[in-house]
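Numbering of residues begins at 1 and proceeds along the displayed sequence.
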Amino acid sequence: MTMISTVAVAVDTRSREGFALVALDGMGGSGKSTMAEALAELHGAVVVHGDDFYHPMNAEERARLNPVQGYHRYFDWQRFRDEVLAPLAAGRDAAYRRYDWETGTLAPDETHTRLPLRHRRRRGGVHRPARTR
C-alpha cells in the first residue's frame, strides 16, 4: 500500500458525514502539494493552500520582524480560522480572498470551497491556528 492510499484510507475511516479536514505540514519540497493533490483527486476534493493566507504587510514592516515575530505574523491565522476553519466546522462552505503574491495584497476575487472533502497544506513549520470560537 502506498503512503497516499494509506492516508486516503485513514481519511475515509475518520470522515464525518462525508467531510474531513486534512492538514498537511512540512518543509518546502517535502511532498505536501503532491500528497494534497493526490488525495483531492481520489476524493473529488479541493486543496486550500496555507500560502493563500499570507499576511499582507509592507516590506519595511516585514524587514523589522525577528524570526519569532515573523513566524507569528507571516500567515494570517485569524483570517484562516474565520474564513475557512469556522465555516467548515459549522457545516458551511468556506469563502476567502487569497493572498496575491504579485501585488502583495488580497485578491479581489473570492474563492469558494464547495466540495465535501477538503484539504489544507502550508509550507514551513508547524503552527497551531487559533481556536474557532
Enquirer: How close do Asp51 and Phe75 get, counting heavy atoms only, and between which atoms?
Expert: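 Looks like OD1-CE2, 3.7 Å.
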Enquirer: Test your reading of the model: is there a side-chain donor-acceptor pair from Lys32 to the backbone of Gly26, 3.5 Å cut-off?
Expert: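 Here the side-chain-to-backbone pair exists.
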Enquirer: Measure the CE-OG1 distance between Met57 and Thr105 for me, rounded to the nearest 0.5 Å.
Expert: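 Separation between the atoms: 14.0 Å.
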Enquirer: To the closest 0.5 Å, what do you measure between NE2 (His55) and NE2 (His72)?
Expert: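 Taking NE2 in His55 and NE2 in His72, the distance rounds to 14.0 Å.
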Enquirer: Would you mind telling me which of Val9, Ile4, Val11 makes a side chain to side chain contact (heavy atoms under 4.5 Å, CB included) with Val7?
Expert: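 Answer after filtering Val9, Ile4, Val11: Val11.
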Enquirer: Linking I/L/V/M/F/W/Y whenever any side-chain heavy atoms sit under 4.5 Å apart, do Leu42 and Met3 land together?
Expert: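 Yes, Leu42 and Met3 fall within the same hydrophobic cluster.
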Enquirer: What's the separation between atom OG in Ser30 and atom CE in Met35, rounded to the nearest 0.5 Å?
Expert: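 So the gap between those two atoms works out to 9.5 Å.
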Enquirer: Checking the side chain of Arg79 only, and the main-chain atoms of Arg97 only, is there a donor and an acceptor separated by less than 3.5 Å?
Expert: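 Yes, the answer is positive, given that a donor and an acceptor are paired below the 3.5 Å cut-off.
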Enquirer: Using atom types as modelled and distance alone, determine if a side-chain donor or acceptor of Glu41 lies under 3.5 Å from a backbone N or O of Ala38.
Expert: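 Here the side-chain-to-backbone pair does not exist.
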Enquirer: Side chains of Val48 and Tyr96, heavy atoms from C-beta outward: is any pair under 4.5 Å?
Expert: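 Yes - at least one pair of side-chain heavy atoms lies under 4.5 Å apart.
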Enquirer: For residues Ala94 and Pro87, report the shortest heavy-atom separation together with the two atoms involved.
Expert: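 Shortest heavy-atom contact: CA-CB, 4.3 Å.
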Enquirer: Would you call the rings of Tyr54 and Tyr74 parallel, tilted or perpendicular, where under 30° means parallel and over 60° means perpendicular?
Expert: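 Parallel.
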Enquirer: What's the spacing between His49 NE2 and Leu24 CG if we round to 0.5 Å?
Expert: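 The NE2 atom of His49 sits 10.5 Å away from the CG atom of Leu24.
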Enquirer: What distance separates Phe80 CZ from Asp52 CG, expressed to the nearest 0.5 Å?
Expert: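 Result: 10.0 Å between the selected atoms.
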Enquirer: CG of Leu39 to CD of Glu37: how many Å apart, nearest 0.5 Å?
Expert: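 These two atoms lie 9.5 Å from each other.
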